[in-house]
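Here's the structure we're looking at; comments come further down.
In what follows, residues are counted from 1 in the order of the sequence shown. This is a predicted model, so every value here is computed, not measured. Counting starts at 1 for both ligands and their atoms, in listed order.
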Amino acid sequence: MQHWPAEAVWEQVAPLLPGFTVEVLPEVDSSNTELMRRARAGQTEPTLLVAERQSAGRGRLGRPWQSDIGDSLTFSLSLPFAPRDWSGLSLAVGLSLAESLHPEIGLKWPNDLWWRERKLGGILIEAATAGGHSQLVVGIGINIRPPGAEGLSTPPAALTELWPEASAGAALSRLARPLVQTLLDFERTGFAPLQARYDARDALRGREVHTSEGQRGLALGVGAGGALRLQQASGVHEVHSSEISVRPFPQTMPDHGG
Ligand code: BTN
């Protein structure tokens, strides 16, 4: 097992989240799947679960998420969560990670971490609801070192390209507390207060894009609820669903990292 700063992360986060625990598993099917299972079984204590290896890592849109052991940071955070409005949550998470990790990291709507036209990391947000209680599970995968890229026309980006001394543990130390603070703030105030900061990192704004649903247009940025605003011949249209993926022209990158 590699060295993880579990205690330091706990010390930073516990004051914000009473009952918080940090756990590191050498192997699990998927850290999101595991925390969703626990939530459904009524285990709702705030937990950050690091997976050194996932045998069935999951990405958005039902895609698999693969990463080589030691080359990436893969973890999930579970906590009770009751925002008035969920819209823009995945953007808020991406923004928090980008701001914690490096000034040059951009965001590709809705929530990819993006650097120089390549994907650096991804976010999978799920929620379990039972008896009026909702539990949020935020799963994060970040490429730390360049992975073996056989079969990929463009290898994904890796954090060591921007931050040469980066390790999975160092990245986790930087991002954990700001991520929890972002979630707690989001619960009270939603996405709107983050819109300007998202704009500053928006990798699509001003570019022609196309969506997996066949829409095309000029990306104008995101609205106060986190929708992607597209200028089309017929006017400005908002793309809401996080079940849609968006690519800039020209298409140059693989869709999932690691
Ligand atoms: C995406 O870009 O499609 C989202 C990728 C999310 C991957 C992370 S790795 C940790 C957590 N466990 C999973 O199975 N998925 C998320």
Side-chain angles (χ1 to χ4, degrees), residues 2 4 6 9 22-40 46-79 89-98 101 105-115 117-128 135-145 147 152 154-159 168-169 171-172 175-176 179-180 183 201 203-204 211-212 226 228 241-248 253-258:
Q2 63 187 97
W4 291 97
V9 167
V22 180
E23 227 179 289
V24 179
L25 290 179
E27 176 158 359
V28 68
D29 50 357
S30 143
S31 55
N32 259 51
T33 305
E34 171 64 16
L35 290 183
M36 288 293 284
R37 267 194 300 263
R38 292 187 192 178
R40 292 191 184 108
T47 304
L48 190 154
L49 179 65
V50 176
E52 293 198 317
R53 184 172 181 278
Q54 298 188 114
S55 53
R58 295 186 287 114
R60 288 175 58 238
L61 310 169
R63 295 174 179 143
W65 177 270
Q66 285 155 357
S67 46
D68 293 333
I69 188 161
D71 284 348
S72 65
L73 170 62
T74 49
F75 74 97
S76 301
L77 174 69
S78 165
L79 71 164
L89 176 59
S90 67
L91 283 69
V93 171
L95 177 63
S96 176
L97 300 177
L101 291 174
I105 297 176
L107 297 161
K108 183 172 82 71
W109 190 93
N111 54 9
D112 286 349
L113 300 184
W114 200 246
W115 186 64
E117 299 295 305
R118 291 176 299 144
K119 182 161 172 167
L120 176 69
I123 298 161
L124 178 66
I125 293 192
E126 299 181 293
Q135 185 83 3
L136 173 68
V137 176
V138 178
I140 293 167
I142 298 172
N143 306 319
I144 303 293
R145 280 186 287 274
L152 293 176
T154 312
L159 196 56
L172 183 66
L175 64 79
L179 173 62
V180 169
L183 293 170
R201 298 210 178 226
L204 296 181
T211 75
S212 52
L228 174 64
S241 173
S242 59
E243 292 308 303
I244 291 175
S245 69
V246 179
R247 289 166 185 253
M253 75 299 176
D255 198 64
H256 57 86

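- The backbone N or O of Ala157 sits less than 3.5 Å from a side-chain atom of Asn143, completing a donor-acceptor pair.
- Using a 4.0 Å cut-off between heavy atoms, Ser31 contacts ligand 1 through both its backbone and its side chain.
- Against a heavy-atom cut-off of under 4.0 Å, Gly59 is close to the following atoms of ligand 1: 1 (C), 3 (O), 4 (C), 5 (C).
- Side chain of Ser72 to main chain of Thr74: no donor-acceptor pair is present (N/O by atom type, distance under 3.5 Å, no hydrogens or angles).
- Side-chain atoms of Asn32 come within 3.5 Å of backbone atoms of Leu124 as a donor-acceptor pair (strictly under, hydrogens ignored).
- Set against the non-hydrogen atoms of Ile123, the atoms of ligand 1 under 4.0 Å away are 2 (O), 4 (C).
- At least one side-chain heavy atom of Leu107 sits less than 4.5 Å from a side-chain heavy atom of Leu95.
- Near Gly57, meaning under 4.0 Å from one of its heavy atoms, ligand 1 places the atoms 14 (O).
- Interface of Gln54 with ligand 1, defined as ligand atoms under 4.0 Å from a residue heavy atom, comprises 9 (S), 10 (C), 11 (C), 12 (N), 13 (C), 14 (O).
- No donor-acceptor distance shorter than 3.5 angstrom exists from the side chain of Trp65 to the backbone of Ile140, with no hydrogens or angles considered.
- By the criterion of a heavy-atom distance under 4.0 Å, the side chain of Lys119, and not its backbone, is placed next to ligand 1.
- Interface atoms of ligand 1 facing Ser30, defined by a heavy-atom separation under 4.0 Å, are 12 (N), 13 (C), 14 (O).
- The proximity of Ile140 to ligand 1, defined as any non-hydrogen pair under 4.0 Å, is limited to the backbone.
- On a distance-only criterion, Arg60 and ligand 1 share at least one N/O pair closer than 3.5 Å.
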